[in-house]
Every structure is written in structure tokens, then in C-alpha cells.
Amino acid sequence: MSIPANKTLFRDVSILDSTGAEPYRGDVLVDHDRIVSVGATAPGAADGARVIEGRGRTLMSGLCDAHTHFTWNNSGDLDGLAALPVEEHLLFAVESARSYIDSGYTMCLGAASAKDRLDVVCRDAINAGRVPGPRYLANGPEIAVTGGELVKGITWFADGPEEMRKAVRRLIEIGVDQIKLSMTGEEITGTQRAEDTYMSDEEVAAAVTEAHRRGKRVCAHARSAESVKMCVRHGVDIVYHASFTDEEGMDLLESAKDWIFVAPGVNWLVATLYEAADFGYPQEAAEAAGYKRELEMATAAMIEMHRRGIRVLPGGDYGFAWTPHGTYARDLQHFVERFEYTPMEAILAATALGGEIMLRPHELGKVQPGYLADLLLVDGDPLADITVLQDHDKLHYIMKDGKFHKETPDQR
């Protein structure tokens with residue numbers, strides 16, 4: 001339960017402010033929901049504040065997951081997402097929302113909902129303070145063309161430009177913040193290959209034009225080289241996966257880097273390849289399906305995107321049996337160990353870029369005066385060991401909107 005705090009002083013913390021500057025010791029003062037001073041506190045400004053003694057612990061922005069599925073229910077049964085009754089499914093989605101903020105994630109962008117309104121209901125309940133969770137941009141069921149779905153029971157179908165426009169309109173009527181297109185396959189289905197592209201240029205263009213006309217963004221499950229190029233050509237705002245991006249696609253992404261985002265969902269590839277055996281999908285099967293090759297291709301692609309300054313964010317597809325909720329910060333480790341990011345660069349991708357993908361770069365993702373007080377006090381140095389963010393016990397304090405979601409009594 002959130003504990004009201006009108007004014008809080010974090011004293012003597014190591015401030016990791018997500019501007020790119022090296023951490024420095026100082027104080028951070030929060031007044032109601034905003035950060036009012038960083039570094040030094042003016043005399044009298046902290047009068048009446050609750051004081052949290054930092055003793056050098058790291059104070060940083062809350063994290064962002066750019067590819068969130070509240071409704072993925074920690075199962076290995078993809079079809080079971082459709083079979084789960086909506087009442088139980090809503091309860092699980094609410095629990096997932098809490099898992100994100102328990103893990104230090106204060107920003108999440110919905111990447112598809114398994115049932116029509118579950119994301120929207122969770123977002124509204126979080127915003128109303130009825131349930132704990134991150135700031136959330138809600139999605140609806142993903143749209144696919146006939147024969148191009150990944151999981152039939154959780155998909156809306158649209159064939160041709162006019163049906164695409166109608167599907168987008170219906171989703172906007174539900175109340176979503178963005179639209180999801182399912183453009184390519186996924187090897188685990190056994191029938192839909194990741195390098196196959198199912199949508200036409202005309203269908204993608206119609207969906208994006210209709211969404212943008214109504215002030216909504218579009219994201220896309222796009223693994224194939226052709227699908228990535230289609231995304232850029234037609235203005236898809238957020239590209240998920242992009243594993244097989246070729247040189248032409250890389251050039252297009254670079255030309256669009258001021259407005260487009262990429263979220264590879266790398267932990268899905270790693271865990272499906274190496275950690276799904278206990279759930280009936282052994283490594284041999286994953287390699288035979290092509291996941292080892294895809295991980296190699298995606299790794300090379302993300303290294304190149306990073307080199308070119310394309311905005312790549314962590315997060316994606318948590319909520320399957322081998323990518324369970326609560327393990328989200330593994331993506332940051334993969335960015336460092338596989339994509340050649342420094343720990344600082346990985347944290348900037350999960351914080352400052354999080355503010356950008358959430359469309360609020362002026363007030364989310366940094367520890368700066370005037371920003372919303374979404375803060376983590378971490379017992380450790382993420383720049384020395386990025387894996388510390390995976391240890392929930394090391395997240396001593398979690399604050400959102402100036403209110404404490406989690407507090408760890410100081411035993412020192």
C-alpha cells in the first residue's frame with residue numbers, strides 16, 4: 001500500500017540522474033509528486049520533510065519496459081491465453097501490474113492484450129489509485145491478417161486496407177493508447193516463420209494512417225527484414241524484435257531515428273533457446289526451429305543499431321513460463337553482455353529513453369528538478385554490477401508520484 005509523503009529528502013545518495021553524467025553524492029528533495037532540487041538543498045527547503053538517509057546508496061529513476069504484456073500469465077500454453085476466463089485473467093493482469101512496480105518499473109508500454117479491454121481496465125485502475133502499478137500505456141489485441149496470426153484466440157483479424165481501418169477504429173473506441181500489428185511469424189508456433197511477412201504495404205499503410213489520424217501510435221511484431229522496412233516506410237512508431245534487419249532496413253531506421261523506437265525483446269530469444277527445456281521446449285528443438293540463428297542475427301543487428309544511434313529500449317515478452325513476470329531487468333544484463341552497451345548506456349535506455357517512448361521526456365526518466373518523483377533507492381551500484389537491479393531485495397525504496405510503493409527499514 002502506498003504511504004503518503006508530501007515532502008521527502010533523500011540525503012547523501014549517489015545520484016544517477018540519467019543525463020549521462022557520472023553519479024555524484026548529494027541530496028534529492030521531493031515535494032508532493034515532483035523533484036524540486038538535486039545535489040544541494042537550499043536552507044529551509046527541506047523543513048518538515050521526511051528524511052531517508054542514503055549513506056551512498058544509488059538513487060535513480062524508475063525503469064521502463066517498452067514491450068509489456070500484463071495479460072501473459074506465466075504459462076507455456078499459448079492457446080491457454082484465450083481459454084482463461086476473463087475474470088481470472090483480469091486478476092492475473094492486476095497482479096502483473098504490481099509485479100512490475102515491485103521490480104522497480106514505473107513506466108510500461110503495453111504491447112498487446114490477450115482480451116479486448118484488460119489492458120485498458122488495468123491502466124484506468126492504476127491511474128485511479130485502485131491498484132498499484134506503473135505508468136501504463138494500454139494496448140488491445142494485436143491485429144493480424146487471415147493466416148498470419150501467432151495465437152488465434154487472442155487476435156483480431158483484418159484483411160485489406162478497409163478492414164484495417166475498421167479494426168483500428170474499433171480498438172480506439174475501446175480506449176487503447178496504441179495499436180499493435182502482427183506482421184511476421186514466430187518460430188515457436190511451428191507454422192509461422194519469423195522471416196515470413198504476412199501483411200501488405202497497403203494494409204500497414206491503412207492501419208498507420210488511421211491510427212495517426214486519430215492521435216494514436218502503432219507498434220508492430222516485425223522480425224523479418226521486409227517487415228522492418230515496411231514499418232519505416234509507413235510510419236510505424238515502435239518496432240518490436242527487428243531480428244533480421246538487413247542493410248537497407250538499417251539505413252531506413254537510421255534515417256528515422258528521431259521518431260522511431262526499437263524494442264528487441266532479447267530475453268525471449270535467450271530464454272527460449274536456453275531455458276525452456278523444463279517446460280517442454282528443449283534447446284535442440286529451439287535450435288532446429290531457428291532461435292539460435294535468430295539470436296545471433298538479432299545480436300548483430302542491435303549492436304549495429306546502437307552504433308548508429310537508433311533508439312533501442314529493453315523489455316519484451318515477459319510473462320511466459322520461461323520468461324516469468326518479475327524478471328524484467330534481465331534485459332539490461334543482455335544489453336551489456338550481448339549488445340555491447342556500457343552499464344550507463346543500458347540504464348539510459350531503460351530510463352531517459354523510457355521517458356521518450358512514454359511521450360513525456362520532459363518529466364519522466366531522469367532525476368532532475370521538475371521531473372515526476374518516480375525513484376529507486378538501490379543498495380548497490382548498477383554501473384559496477386548491472387545485475388543488482390534484478391535483486392528485489394536490493395531495491396530498498398520504490399517511489400512513484402512522490403509516494404512510497406516500497407520501503408525497507410534501515411537496519412544499519
Spell out, as yes or no, whether a donor-acceptor pair under 3.5 Å connects the side chain of [X] to the backbone of [Y].
{"X": "Thr327", "Y": "Pro324", "result": "yes"}
{"X": "Asp65", "Y": "His67", "result": "yes"}
{"X": "Gln192", "Y": "Gly147", "result": "yes"}
{"X": "Lys229", "Y": "Thr245", "result": "no"}
{"X": "Arg311", "Y": "Leu353", "result": "no"}
{"X": "Lys115", "Y": "Leu84", "result": "yes"}
{"X": "Ser14", "Y": "Thr58", "result": "no"}
{"X": "Thr71", "Y": "Ala114", "result": "yes"}
{"X": "Asn74", "Y": "Ala321", "result": "no"}
{"X": "Tyr318", "Y": "Thr68", "result": "no"}

Phe92 and His325 aromatic ring geometry - parallel, tilted or perpendicular at 30°/60° bounds: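 Tilted.
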Between [X] and [Y], does the ring centroid distance fall short of 6.0 Å?
{"X": "Tyr136", "Y": "Phe70", "value": "yes"}
{"X": "Tyr240", "Y": "His221", "value": "no"}
{"X": "Tyr341", "Y": "His306", "value": "yes"}

State, to 0.1 Å, how close [X] and [Y] come at their nearest heavy-atom pair, and which atoms those are.
{"X": "Ser113", "Y": "Asn139", "result": "CB-O, 3.8 Å"}
{"X": "Tyr198", "Y": "Thr191", "result": "OH-O, 4.5 Å"}
{"X": "Val208", "Y": "Val218", "result": "CA-CG2, 3.9 Å"}
{"X": "Ser182", "Y": "Leu150", "result": "OG-CG, 3.7 Å"}
{"X": "Leu383", "Y": "Pro343", "result": "O-CG, 3.5 Å"}
{"X": "Glu294", "Y": "Ala194", "result": "OE1-CB, 3.9 Å"}

Count the heavy atoms of every other residue, nucleotide or ligand shown that sit under 6.0 Å from [atom1] of [X], and state whether that count exceeds 12.
{"X": "Arg11", "atom1": "CZ", "answer": "no"}
{"X": "Lys257", "atom1": "NZ", "answer": "yes"}
{"X": "Arg308", "atom1": "CZ", "answer": "yes"}
{"X": "Lys292", "atom1": "NZ", "answer": "no"}
{"X": "Glu173", "atom1": "CD", "answer": "no"}

Option passing side chain to side chain donor-acceptor pair (under 3.5 Å) with Asp237 (candidates Arg217, His212, Lys216, Gln178):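 For Asp237, the side chain to side chain donor-acceptor pair (under 3.5 Å) test succeeds with only one of Arg217, His212, Lys216, Gln178, which is His212.
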Do [X] and [Y] have side-chain atoms, one donor and one acceptor, less than 3.5 Å apart?
{"X": "Ser103", "Y": "His392", "value": "yes"}
{"X": "Thr19", "Y": "Asp17", "value": "yes"}
{"X": "Ser18", "Y": "Ser61", "value": "no"}
{"X": "His69", "Y": "Asp119", "value": "no"}
{"X": "Tyr328", "Y": "Asn267", "value": "no"}
{"X": "Asp278", "Y": "Trp322", "value": "no"}
{"X": "His405", "Y": "Asp102", "value": "yes"}
{"X": "Asp159", "Y": "Thr146", "value": "yes"}
{"X": "Glu163", "Y": "Trp156", "value": "no"}

Any side-chain heavy-atom pair of [X] and [Y] under 4.5 Å:
{"X": "Leu63", "Y": "Met107", "result": "no"}
{"X": "Tyr274", "Y": "Leu295", "result": "yes"}
{"X": "Tyr105", "Y": "Leu376", "result": "no"}
{"X": "Met399", "Y": "Leu377", "result": "no"}
{"X": "Leu395", "Y": "Leu389", "result": "yes"}

Worked verdict on Val30 versus Val36 for side chain to side chain contact (heavy atoms under 4.5 Å, CB included): CA-CA 6 Å; Val30 173; Val36 294; over 6 Å; no
Charged N to carboxylate O below 4.0 Å: is that the case for [X] and [Y]?
{"X": "Glu53", "Y": "Arg55", "answer": "no"}
{"X": "Arg123", "Y": "Asp177", "answer": "yes"}
{"X": "Glu195", "Y": "Arg223", "answer": "no"}
{"X": "Glu363", "Y": "Arg34", "answer": "yes"}
{"X": "Lys152", "Y": "Asp79", "answer": "no"}
{"X": "Asp196", "Y": "Arg193", "answer": "yes"}
{"X": "Arg57", "Y": "Asp381", "answer": "no"}
{"X": "Glu226", "Y": "Arg233", "answer": "yes"}
{"X": "Arg307", "Y": "Glu254", "answer": "no"}
{"X": "Glu337", "Y": "Arg330", "answer": "no"}

Phe404 six-ring face occupied by Arg50 cation (under 6.0 Å, within 45°):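 Arg50 over Phe404 ring: yes.
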Positive for salt bridge (Lys or Arg N to Asp or Glu O under 4.0 Å) with Glu210, one of Arg170, Arg165, Arg169: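 The option that passes is Arg169.
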Full working for side chain to side chain contact (heavy atoms under 4.5 Å, CB included) between Ile35 and Leu375: CA-CA 10 Å; Ile35 300 168; Leu375 299 168; 4.0 Å; yes
